[in-house]
Amino acid sequence: MQIIIENDAGSKFDFDYEELITSVITGALDYVKCPYEAVVEVNLTTDEDIHSINKEYRKIDKATDVLSFPMLEFNTPGDFDFLDEDMAIDCFDPDTGELVLGDIIISVERMEAQAREYGHSVRRELGFLVAHSMFHLFGYDHMEDGEREEMERLQGDLLNILKITRDESFDTSLKSENEELINIATLAKDKAYAPYSNFRVGAALLAKSGRIYTGCNIENISYGATICAERTAAVKAVSEGEREFVKLAIMSDLDDFTYPCGICRQFLSEFAKDLTVILGNKNGEVLEIPFETLMPDTFTFRKC
Ligand code: THU
């Protein structure tokens, strides 16, 4: 068995990530009863890197959480019988005779942001991403509904067997809260519906309850009916019962910081007694601004 793990992002974790990756990979191989010793390569990389790999190999011009590059073409997912045939010789490493399954690439930023968003540990998120990717290496996919359900069932079952559950909470000491919120806003940006401006904005709103609400801009052909990322997050929060906002992180595709527009400032002011706005840019710089400096002397009225 060869499990090659690279940490190109140079990330530090408060758990033994190599041990976790190894146990998920060996657990997955046992789970599908792989009859061969296998080779799997895992790379923990940056968002920027995974973005360029996604663009180069899948022609998708955006970052993602995990990319799987299977080496085998299964006739039936998880069924290794086809490897008995003579022509399958190419699937094995000529030196070691081990089965070359493929590569897994994970964005550490996205992994951490997703853990934060789902409220579970980075360990659990890493376990999930590796398990998910292993099933791709075994020929499973989730393009169609039936396939997706089957893959979800298998990866859930594997994680249960390995006792990698969702009950561990996110460890905020790993990253500052601001960085985490910026990561979540960056992730939310990918959901933007912006066919008219092609300008994507993501927001992550931390409300007083401790919950985080994400938002993206949602454009409309009428232009005027467009809703900004900040207001999307705000309406999600208020409609869940929140009335006080603590932090709001905003990210866009610009190299520069993106400030909230005037309509959003007015909209937010209602819930922004102690709000801090966190702006991030592509260089990883973070600005922290008290909301009141962006919106002094807010409009108010008193009925006579
Ligand atoms: N936009 C936001 O989402 N937030 C802002 O604060 C400013 C603008 C969006 C709206 C529109 O979809 C696009 O950016 C271009 O204006």
Side-chain angles (χ1 to χ4, degrees), residues 1-45 50 53 64-84 88-108 110-112 114-115 118 120-142 147-148 150-168 171:
M1 178 86 58
Q2 261 197 81
I3 298 172
I4 303 151
I5 302 171
E6 307 278 351
N7 181 356
D8 281 1
S11 304
K12 294 200 171 35
F13 300 95
D14 68 345
F15 60 93
D16 188 340
Y17 69 95
E18 290 176 310
E19 194 206 307
L20 180 82
I21 291 171
T22 306
S23 72
V24 176
I25 293 176
T26 48
L29 289 164
D30 287 347
Y31 186 83
V32 296
K33 300 191 174 52
C34 174
Y36 304 98
E37 290 291 310
V39 190
V40 179
E41 203 168 323
V42 180
N43 193 345
L44 302 179
T45 192
I50 212 162
I53 297 167
T64 185
D65 50 358
V66 60
L67 288 174
S68 317
F69 292 99
M71 291 296 283
L72 306 178
E73 268 189 51
F74 286 80
N75 299 328
T76 311
D79 183 346
F80 294 85
D81 283 355
F82 75 102
L83 290 164
D84 293 342
I89 189 86
D90 289 351
C91 303
F92 295 88
D93 182 315
D95 296 327
T96 64
E98 290 170 323
L99 179 64
V100 183
L101 272 177
D103 295 352
I104 299 173
I105 300 169
I106 291 171
S107 157
V108 174
R110 239 137 244 266
M111 173 177 80
E112 290 180 345
Q114 284 174 187
Y118 298 133
H120 58 223
S121 65
V122 173
R123 183 175 177 278
R124 146 74 207 190
E125 187 63 20
L126 177 58
F128 169 82
L129 292 175
V130 175
H132 177 82
S133 194
M134 281 304 288
F135 283 102
H136 277 311
L137 301 192
F138 298 145
Y140 290 88
D141 215 335
H142 44 73
E147 290 178 331
R148 196 186 60 230
E150 172 72 348
M151 202 171 158
E152 280 170 5
R153 188 184 65 74
L154 295 172
Q155 68 206 23
D157 198 28
L158 171 63
L159 291 171
N160 279 340
I161 292 169
L162 297 173
K163 299 201 167 29
I164 301 173
T165 55
R166 291 194 65 186
D167 45 46
E168 304 156 87
D171 183 354

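When reading the values below, keep in mind they use all heavy atoms of this one structure, side chains included, and skip hydrogens, waters and symmetry mates.
Residues L101 and F138 meet the side-chain proximity criterion, which asks for heavy atoms closer than 4.5 Å. Between T22 and I5, the closest side-chain pair of non-hydrogen atoms falls below 4.5 Å.
Minimum interatomic distance between S68 and L137 (heavy atoms only, all atoms of both residues): CB-CD2, 4.2 Å. Between I105 and I50, the closest heavy-atom pair is O-CD1, 3.6 Å. Across A9 and V108, no two heavy atoms sit closer than the pair CB-CG2, 4.0 Å. Closest approach of G27 to L162, counting heavy atoms only: CA-CD2, 4.2 Å. Closest heavy-atom contact between V24 and A131: CG1-N, 3.6 Å. Across every non-hydrogen atom of E125 and M111, the tightest pair is CG-O, 3.3 Å.
Enclosure of atom CE in M1 by more than 12 non-hydrogen atoms of other residues, nucleotides or ligands within 6.0 angstrom is indicated. Under a cut-off of 6.0 angstrom, the local environment of CD1 in I4 is crowded, with over 12 non-hydrogen atoms contributed by other residues, nucleotides or ligands.
Residues satisfying the salt bridge (Lys or Arg N to Asp or Glu O under 4.0 Å) criterion with E147, sequence neighbours excluded, are absent altogether. Under the side chain to side chain contact (heavy atoms under 4.5 Å, CB included) criterion, Y31 pairs with F135, L154, D157, L158, I161, sequence neighbours left out.
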- Task: Take N7 and E18 through the side-chain contact (heavy atoms from CB on, under 4.5 Å) test and state the conclusion after the steps.
- Result: CA-CA 10 Å; N7 181 356; E18 290 176 310; over 6 Å; no

- Task: Go through the steps for V130 and I106 under the test side-chain contact (heavy atoms from CB on, under 4.5 Å), then give the verdict.
- Result: CA-CA 8 Å; V130 175; I106 291 171; 3.8 Å; yes

- Task: Determine, step by step, whether Q2 and E37 satisfy the side-chain contact (heavy atoms from CB on, under 4.5 Å) criterion, reporting the C-alpha distance in whole Å, the side-chain angles of both residues, the deciding distance to 0.1 Å, and the verdict.
- Result: CA-CA 8 Å; Q2 261 197 81; E37 290 291 310; over 6 Å; no

- Kindly indicate, with the supporting measurements, whether the criterion side-chain contact (heavy atoms from CB on, under 4.5 Å) is fulfilled by M134 and L29. CA-CA 8 Å; M134 281 304 288; L29 289 164; 4.3 Å; yes

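Atom CZ of F128 is separated from atom CD1 of I164 by 11.5 Å, given to the nearest 0.5 angstrom. Taken to the nearest 0.5 Å, the CG atom of L20 stands 9.5 Å off from the CD1 atom of I25. Atoms CD and CG, from E6 and L44 in turn, are 9.5 Å apart once rounded to the nearest 0.5 Å. For the atom pair I21 CD1 and L126 CG, the distance stands at 5.0 Å (nearest 0.5 Å). Taken from CZ in R110 to OG1 in T45, the straight-line distance is 12.5 Å, to the nearest 0.5 Å.
A tilted orientation is assigned to the rings of F13 and Y17, their planes being inclined by 30° to 60°.
Of the possible polar contacts, none joining the S133 side chain to the L129 backbone as a donor-acceptor pair under 3.5 Å is found.
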